[in-house]
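Chain letters run A, B, ... following the sequence lines, proteins first, then strands; residues in each count from 1.
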Amino acid sequence: MSEENIKSPENRPSLNFLQQIIEEDLRNGKNEKRVHTRFPPEPNGYLHIGHAKSICLNFGLAKQYGGKTNLRFDDTNPTKEDVEYVDSIKEDVRWLGFDWEDREFYASDYFEKLYEYAVKLITKGKAYVCQLSGEEMSAHRGTVTTPGKESPYRNRSVAENLDLFARMRNGEFKEGTHTLRAKIDMASPNMLMRDPVMYRILKSEHHRTGMQWCIYPTYDYAHGQSDSIEGITHSICTLEFEVHRPLYDWFIKELEIYAPQQIEFARLNLTYTVMSKRKLLQLVQENIVNGWDDPRMPTICGLRRRGFTPESIRNFAETIGVAKRDNVIDVSLLEHCLREDLNKRAQRVMAVLRPLKVVITNYPENQVEELDAVNNPEDESMGKRKVPFSKILYIEQSDFMENPPKKFFRLAPGAEARLRYAYFVRCNEVIKNEAGEVVELHCTYDPETRGGNAPDGRKVQGALHWVSEARGIKAEVRLLDRLFIKENPEEVEEGHDYKENLNPASMETITAWCEPYLQDAQAGEKFQFERMGYFCVDKDSTSTHKVFNRTATLKDSFAKAGKA
RNA sequence: UGUCUCGUGGUGUAACUGGCAACACGUCUGACUCUGAAUCAGAAGAGUCCAGGUUCGACCCCUGGCGAGACAACCA
């Protein structure tokens with residue numbers, strides 16, 4: 001971000017509310033002036049662009065103020081978690097460019113400590129073992145407008161609670177029969193304070209602790225204490241945890257341990273996509289997309305496969321800012337960040353997506369010549385490459401019009417246009433099939449214009465990309481588009497489903513002609529197909545069959561103007 | 001009829017903590033151009049949810065409305 005653009009008198013960038021809180025804390029000498037954050041995913045799914053915002057926030061804030069960031073897996077529910085997810089999460093965070101060094105932690109690392117804390121609360125008379133069933137407990141909880149009723153087990157003696165809790169741990173009881181609950185206030189206007197469950201019995205294997213435990217702490221009980229144990233100063237989370245904060249603070253206070261501060265921010269929403277884990281999972285399970293890393297998915301791995309760069313995503317996170325109000329960011333901003341990055345770095349190349357055959361009638365039959373093409377006009381150091389030119393070549397179907405409108409700078413009957421880096425060509429004849437569709441153009445080239453300029457100073461407006469049939473290669477290209485047709489896919493009428501808003505054309509697969517340079521492109525490599533957009537080599541590619549994903553189109557003010 | 005949080009151009013985010021609203025994206029012009037891209041120059045677009053109040057002065061403070069979101073898993 002260019003500081004010099006900021007016009008404030010002090011030339012000082014404005015701070016978001018998180019930075020303001022941190023700076024205030026730093027001024028007041030809170031936490032020995034430390035800043036220590038954490039990114040705490042539950043390993044039960046893949047990370048998405050919304051997590052990227054949180055990751056950038058947590059690591060970014062710590063970095064800005066000379067602090068550290070922990071990666072902590074919030075693995076308190078063994079029934080939903082798996083190592084597959086912890087691996088993917090680590091890969092994604094690393095790919096985004098962040099380093100948690102040796103601070104890879106797990107809530108499960110603290111199970112013993114958490115148990116001790118629980119015993120302490122029981123001893124203080126602040127927790128009790130409850131034998132209400134799920135339905136009963138729910139009934140006792142009351143509603144949002146009416147107070148709850150106390151559990152009949154609420155006033156057991158400390159000794160009895162201690163005994164029962166130990167027996168819960170020993171596996172003497174069945175799942176669902178006993179819970180450990182915090183004794184707070186069944187009449188609290190905050191539902192979360194109505195004696196929340198701290199431990200439940202779950203006889204399933206944990207991906208790290210195996211069968212060592214059969215009681216597991218809930219999020220509310222584990223999270224704050226984990227933060228405390230790790231010495232987290234600012235525990236940043238999304239808005240839906242706002243109502244949890246009093247409970248977070250309550251545990252810390254009753255336990256008399258180090259108190260981190262929970263601060264909530266508004267989660268990211270993007271137009272034309274869904275972000276909830278549940279819906280994303282559904283898209284995968286119902287084969288609406290081809291896995292978590294389908295390039296149409298808003299997951300980090302999906303974006304990566306689509307061709308997004310970590311830099312573009314980090315810059316996006318920076319650009320959108322943070323606040324506490326609900327927001328919906330336009331995907332076009334994400335795309336803008338992508339283009340901004342790739343424009344500077346991507347190798348240019350020519351590829352014809354919808355080929356129209358062109359025969360240069362006055363060009364020698366078997367001749368192939370090599371022409372110089374610039375690899376990246378934004379970066380001279382990237383040099384030049386040779387592009388083969390021959391008698392038969394392909395141009396984009398949309399670069400020819402039989403009856404062109406006034407300002408059509410491309411090819412038309414009798415018109416002259418430039419083939420980029422090659423020659424001026426004039427269209428003399430239009431060949432059609434029985435259906436009357438244009439299938440081939442016969443053109444003549446002007447040998448004097450080699451390289452793309454006319455010695456007589458003659459001008460042509462545009463430059464068309466092209467690929468020569470000789471030496472050109474065919475490749476599969478996946479034209480990716482937004483997954484949904486509605487800005488807000490979740491906005492549906494009664495009885496309807498967000499899946500009805502799926503974009504049927506979110507992926508079109510075509511065969512394109514590419515210049516031979518692309519022959520050796522490796523999976524993950526990114527290119528700009530001149531005039532067409534940014535494309536990335538997909539992992540489905542083989543040495544003989546290249547597959548490209550369209551990451552984003554280029555801006556097209558001609559198309560926008562409504563052309564013909 | 002509960003509690004908490006939020007409400008600034010189309011979309012986001014700011015406004016030095018009270019001094020008549022800025023930046024980015026998007027949109028629209030024009031220049032340049034061998035990518036109708038990029039780049040460059042410029043324009044339009046909000047008077048800050050509403051109504052009162054305090055004040056010389058309010059997007060910032062107070063009161064009352066209205067609207068939006070979150071909360072009633074032994075999920076996180």
Side-chain angles (χ1 to χ4, degrees), chain A residues 1 5-10 12-16 20 40-42 44 74 76-77 79-81 130 132-134 137-138 141-148 175-181 188-194 196-202 215-216 218-220 222-223 237-246 264 266 271 277 319-330 332-337 339-340 343-344 348 350 373-374 377-378 407-410 418-422 451-453 460-465 528-533 554-561 563:
Chain A
M1 299 271 79
N5 286 346
I6 291 152
K7 288 173 183 164
S8 75
E10 306 88 349
R12 180 167 175 271
S14 56
L15 304 175
N16 64 48
Q20 288 178 17
E42 181 188 15
N44 70 341
D74 221 332
T76 56
N77 186 351
T79 66
K80 296 190 172 180
E81 298 152 6
C130 182
L132 250 25
S133 69
M137 196 183 292
S138 170
R141 189 151 26 229
T143 72
V144 95
T145 48
T146 59
E175 275 189 26
T177 60
H178 295 66
T179 57
L180 182 72
R181 295 227 259 163
S188 170
N190 182 343
M191 299 297 289
L192 283 144
M193 300 298 273
R194 324 248 260 225
V197 171
M198 295 166 58
Y199 273 92
R200 65 310 200 180
I201 298 169
L202 254 24
I215 57 171
Y216 290 91
T218 56
Y219 163 86
D220 282 307
H223 203 91
C237 62
T238 45
L239 247 29
E240 63 268 30
F241 293 102
E242 216 152 28
V243 276
H244 295 243
R245 185 163 12 106
E264 311 84 10
T271 55
K277 246 178 207 175
T319 304
I320 60 177
V322 231
K324 296 191 74 165
R325 69 185 88 115
D326 294 324
N327 62 83
V328 184
I329 277 104
D330 198 317
S332 65
L333 181 57
L334 215 207
E335 289 174 354
H336 167 261
C337 292
R339 293 192 189 101
E340 188 180 46
N343 176 50
K344 292 177 303 196
R348 267 61 167 179
M350 292 195 286
V374 174
E378 305 287 321
K407 283 185 168 178
F408 189 72
F409 309 148
R410 307 177 184 184
R418 168 171 35 230
L419 295 181
R420 191 151 158 87
Y421 299 127
N453 288 303
V460 290
Q461 274 280 10
L464 314 183
H465 62 282
Q528 183 194 99
F529 288 2
E530 293 210 40
R531 306 207 300 144
M532 293 286 106
L554 248 33
K555 277 212 239 170
D556 189 350
S557 54
F558 173 66
K560 198 174 295 173
K563 34 183 157 182

Assigned partner base of [N], Watson-Crick or wobble definition, under 3.5 Å:
N     : answer
B:C40 : B:G30
B:U3  : B:A70
B:U63 : B:A51

Can you identify which nucleotide, out of [options], has its nearest atom closest to the [X] side chain?
X        : options             : value
A:Phe409 : B:G36, B:G2, B:C25  : B:G36
A:Glu530 : B:A73, B:U35, B:A70 : B:U35
A:Lys324 : B:U5, B:A70, B:U27  : B:U5
A:Gln20  : B:G2, B:A15, B:C4   : B:A15
A:Glu378 : B:A24, B:A38, B:G2  : B:A38
A:Ser138 : B:A37, B:A73, B:G12 : B:A73
A:Lys407 : B:C25, B:C71, B:G36 : B:G36
A:Ser14  : B:G2, B:G12, B:A15  : B:A15

Can you measure [X] atom [atom1] to [N] atom [atom2] for me and round it to whole angstrom units?
X        : N     : atom1 : atom2 : value
A:Leu333 : B:C23 : CG    : P     : 17 Å
A:Ile329 : B:C23 : CD1   : C1'   : 15 Å
A:Glu335 : B:U27 : CD    : P     : 11 Å
A:Asp556 : B:G36 : CG    : C1'   : 7 Å

Quiz item: Do A:Ser332 and A:Asp330 get their side chains close enough for a donor-acceptor pair, meaning under 3.5 Å?
Solution: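 A donor-acceptor contact under 3.5 Å links the two side chains.
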
Quiz item: Which of parallel (below 30°), tilted (30 to 60°) and perpendicular (above 60°) describes A:His244 and A:Tyr219?
Solution: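 Judged by the thresholds at 30° and 60°, the geometry between A:His244 and A:Tyr219 is perpendicular.
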
What interatomic distance, in whole Å, is found between [atom1] of [M] and the corresponding atom of [N]?
N     : M     : atom1 : answer
B:C6  : B:U63 : P     : 14 Å
B:U8  : B:G69 : P     : 14 Å
B:U27 : B:G64 : P     : 44 Å

Mind checking [X] for me? I need base, sugar-phosphate or nothing, with any heavy atom below 4.0 Å counting as a touch.
X        : answer
A:Met137 : base
A:Ile320 : sugar-phosphate
A:Tyr216 : nothing
A:Asn190 : nothing
A:Phe408 : base
A:Tyr199 : nothing
A:Arg420 : base
A:Val374 : nothing
A:Thr218 : sugar-phosphate

Quiz item: Does the aromatic ring of A:Tyr219 sit over the six-membered base ring of B:A76, closer than 5.5 Å centre to centre and tilted less than 30°?
Solution: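 Per 5.5 Å and 30° rule: no stacking.
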
N/O (side chain, [X]) to phosphate O (OP1/OP2, [N]) under 4.0 Å:
X        : N     : answer
A:Lys555 : B:A38 : yes
A:Thr146 : B:G2  : no
A:Arg141 : B:C74 : yes
A:Arg200 : B:A73 : no
A:Arg245 : B:U5  : no
A:Arg339 : B:C25 : no

Exercise. Answer yes or no: is there a donor N or O on one side and an acceptor on the other, between the side chain of A:Gln20 and the main chain of A:Leu15, under 3.5 Å?
Key: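 Yes; at least one donor-acceptor contact below 3.5 Å.
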
Quiz prompt | Exam field: side chain A:Arg418 to backbone A:Val460, donor-acceptor pair closer than 3.5 Å | solution =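 Yes; judged by distance alone, with no hydrogens or angles, the pair exists.
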
Tell whether [X] reaches the base of [N] with its side chain through a donor-acceptor pair below 3.5 angstrom.
X        : N     : answer
A:Gln528 : B:U35 : yes
A:Arg348 : B:U35 : yes
A:Arg531 : B:G36 : no
A:His244 : B:A70 : no

Self-check item: Syn or anti for B:G7 (syn when the glycosidic angle lies within 90° of 0)
Solution: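 With its glycosidic angle more than 90° from zero, B:G7 counts as anti.
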
Self-check item: Nearest-nucleotide 5' precedence on RNA chain B, A:Ala463 against A:Glu175
Solution: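 The residue closer to the strand's 5' end, by nearest nucleotide, is A:Ala463.
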
Quiz item: Could you walk me through whether A:Arg420 and A:Arg531 pass the side chain to side chain contact (heavy atoms under 4.5 Å, CB included) check?
Solution: CA-CA 11 Å; A:Arg420 191 151 158 87; A:Arg531 306 207 300 144; 5.9 Å; no

Quiz item: Does any non-hydrogen side-chain atom of A:His336 lie less than 4.5 Å from one of A:Thr319?
Solution: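 No, too far: nothing below the 4.5 Å cut-off.
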
Quiz item: Just one of A:Leu333, A:Leu334, A:Asn327 clears the side chain to side chain contact (heavy atoms under 4.5 Å, CB included) bar with A:Ile320, so which one?
Solution: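 Option passing the side chain to side chain contact (heavy atoms under 4.5 Å, CB included) with A:Ile320: A:Leu333.
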
